[in-house]
Amino acid sequence: MFRRFLISALSAALFSLVSVNVTAEDDSPKVLASMHPLGLIAASVVERENLHILLQKGVSPHDFSLRPSDIDHLQEADIIFWGGPHIEPYLSGFARRWPDKVWIDISSFSELAKIKDPHYWMSVPATLAAQKVLADTLGKDSSDFQRRVEAAVEYSDRVLEPVRERGFFVFHRAYDHWVLERGLNQVGAFTLTPEQKPGMRTVQLMREQLRAGKVACVFREPEYSPALVVTVVGDLPVKHGELDPQGAYADLSRDGYAYFLTEMADRAANCLTP
């Protein structure tokens with residue numbers, strides 16, 4: 001009799017504990033990151049079940065338009081971590097419409113970056129500042145993220161040091177912060193934005209640079225067809241690599257953003273090494 005009572009009491013206590021945990025999770029702020037690289041930053045302090053990514057892997061903000069289901073996700077979020085009006089104009093109206101939500105715009109930390117390229121998640125100072133605001137909003141500690149990112153930067157500088165002077169082309173102008181902060185020699189880009197194809201004069205200039213041996217590597221991007229890169233390079237003897245400004249290869253985890261940085265450095269170093 002006592003045994004049945006004890007089992008019943010323990011079961012009730014366990015059910016009560018699970019209920020409390022579920023309630024606590026349900027009460028946790030829901031965070032929406034507008035794109036994967038911002039999700040990598042947010043995942044450092046947000047549990048996966050409370051984090052939603054608006055643009056899924058492989059989707060670029062340059063050619064994205066909102067669907068009704070995306071608007072539902074925006075409505076459900078308590079905190080929205082986004083790239084700013086320049087790179088994500090489709091969210092600007094909602095930021096004005098729903099001021100009761102917490103909107104954390106990484107581009108608002110542009111004064112910490114040395115240039116004004118809208119891909120601010122490529123700037124380590126801007127990223128650290130934005131992540132700290134998110135962490136403070138959630139009542140979390142940002143120091144672990146800072147340590148991981150600093151270690152990733154130290155690693156990146158070490159592996160890139162031997163190839164800093166070697167020239168390269170990127171697919172589009174998304175890497176300016178990273179290139180400047182890591183002291184690399186980006187000679188040019190195939191296009192300013194993926195929607196704009198280069199003119200014949202630009203293509204001719206790039207081929208002249210390739211023939212002159214000023215370019216050690218050309219980088220394509222996984223979201224876009226390599227046809228443009230192949231057309232410009234032709235049969236010229238130059239190495240090909242791949243960089244991904246969205247970091248689709250990195251999982252949403254506490255060290256996802258740090259891995260994004262180290263993997264990008266490894267890919268660049270591998271292609272630029274003679």
Side-chain angles (χ1 to χ4, degrees), residues 30-44 46 48 50-99 101-110 113 115-123 126-127 130-131 134 170-178 189-198 219-229 242-253 256-257 260-261 263-264:
K30 299 294 186 289
V31 178
L32 181 142
S34 60
M35 62 184 94
H36 188 71
L38 299 182
L40 295 175
I41 301 168
S44 64
V46 181
R48 187 64 187 91
N50 293 322
L51 176 62
H52 179 79
I53 313 300
L54 188 64
L55 279 70
Q56 296 304 309
K57 289 183 179 182
V59 178
S60 168
H62 293 287
D63 51 14
F64 178 74
S65 57
L66 287 168
R67 303 163 299 180
S69 59
D70 297 323
I71 298 173
D72 290 340
H73 288 306
L74 286 168
Q75 282 184 308
E76 293 165 0
D78 302 299
I79 302 170
I80 299 171
F81 189 36
W82 66 308
H86 187 83
I87 199 166
E88 296 184 294
Y90 43 83
L91 293 181
S92 298
F94 293 98
R96 294 190 296 269
R97 188 184 308 174
W98 296 326
K101 298 181 182 296
V102 178
W103 291 80
I104 301 175
D105 171 4
I106 194 171
S107 73
S108 66
F109 304 94
S110 60
I115 52 177
K116 304 306 175 188
D117 180 87
H119 303 80
Y120 284 104
W121 62 89
M122 291 285 190
S123 169
T127 293
Q131 191 270 354
L134 176 61
V170 294
F171 182 76
H172 88 285
R173 291 288 296 275
Y175 307 89
D176 288 1
H177 294 288
W178 178 69
F190 290 94
T191 178
L192 182 63
T193 65
E195 305 85 38
Q196 298 178 346
K197 299 298 184 286
F219 291 106
R220 62 186 181 274
E221 292 179 17
E223 290 87 1
Y224 301 100
S225 168
L228 174 60
V229 177
E242 183 177 272
L243 293 178
D244 182 6
Q246 294 287 316
Y249 49 77
D251 292 331
L252 297 171
S253 63
Y257 181 79
F260 166 58
L261 294 179
E263 178 67 11
M264 193 155 54

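Nothing here was measured: the structure is a model prediction, and the numbers come from that model. Sequential numbering from 1 along the given sequence is applied to the chain's residues.
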Report all side-chain donor-acceptor pairs from residues 80-90 shorter than 3.5 Å, counting only partners two or more places apart or in another chain.
unit_1, atom_1, unit_2, atom_2, d
E88, OE1, S34, OG, 2.7
E88, OE1, G83, N, 2.6
E88, OE2, S34, OG, 3.0
E88, OE2, Y90, OH, 3.3

**Message:** Tell me every residue that passes side chain to side chain donor-acceptor pair (under 3.5 Å) with S110, counting only those two or more places apart in sequence or in another chain.
**Reply:**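 Applying side chain to side chain donor-acceptor pair (under 3.5 Å) to S110 gives none.
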
**Message:** Going by the rule side chain to side chain donor-acceptor pair (under 3.5 Å), which residues pair with S92 if we only count those two or more places apart in sequence or in a different chain?
**Reply:**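 Not a single residue meets the side chain to side chain donor-acceptor pair (under 3.5 Å) criterion with S92.
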
Tell me, please, which residues at least two apart from [X] pass side-chain contact (heavy atoms from CB on, under 4.5 Å).
X: P245; value: M122, H172, A174, Y175, E221
X: R97; value: F94
X: P222; value: E242, D244
X: D78; value: P29, K30

**Prompt:** What pairs with D176 under salt bridge (charged side-chain N to carboxylate O under 4.0 Å, His left out), at least two apart in sequence or on another chain?
**Reply:**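 For D176 the salt bridge (charged side-chain N to carboxylate O under 4.0 Å, His left out) partners, ignoring immediate neighbours, are R173.
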
**Prompt:** Excluding sequence neighbours, so at least two apart, what forms salt bridge (charged side-chain N to carboxylate O under 4.0 Å, His left out) with D70?
**Reply:**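 Partners of D70 under the salt bridge (charged side-chain N to carboxylate O under 4.0 Å, His left out) test: R67.
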
May I ask you to test the [X]-[Y] pair for a side-chain heavy-atom distance under 4.5 Å?
X: F171; Y: L243; answer: no
X: Q246; Y: W121; answer: yes
X: I41; Y: L134; answer: no
X: Q75; Y: W98; answer: yes
X: F64; Y: L66; answer: yes
X: H36; Y: Y249; answer: no
X: V46; Y: I79; answer: no

**Atom of A77, atom of L32 and distance for their closest heavy-atom approach** =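 What the structure gives for the nearest pair is CB-CB, 3.7 Å.
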
**Asked** Closest heavy-atom contact between I53 and L51?
**Response**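 Shortest heavy-atom separation between I53 and L51 comes out as CD1-CG, 4.1 Å.
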
Separation of [Y] [atom2] from [X] [atom1] (nearest 0.5 Å):
X: L40; Y: Q131; atom1: CG; atom2: CD; answer: 12.0 Å
X: L74; Y: H52; atom1: CG; atom2: NE2; answer: 8.0 Å
X: E76; Y: I71; atom1: CD; atom2: CD1; answer: 12.0 Å
X: S123; Y: I106; atom1: OG; atom2: CD1; answer: 8.0 Å

**Prompt:** Considering residues at least two apart in sequence or located in another chain, which fulfil the ring pair (Phe, Tyr, Trp, His ring centres under 6.0 Å) criterion with Y120?
**Reply:**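 Counting only residues at least two positions away or on another chain, Y120 forms a ring pair (Phe, Tyr, Trp, His ring centres under 6.0 Å) with H177.
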
**Item:** Contacts of type ring pair (Phe, Tyr, Trp, His ring centres under 6.0 Å), residue W178, not counting sequence neighbours
**Value:**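 Not a single residue meets the ring pair (Phe, Tyr, Trp, His ring centres under 6.0 Å) criterion with W178.
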
**Prompt:** Can Y257 and T127 be counted as having a side-chain donor-acceptor contact under 3.5 angstrom?
**Reply:**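 A donor-acceptor contact under 3.5 Å links the two side chains.
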
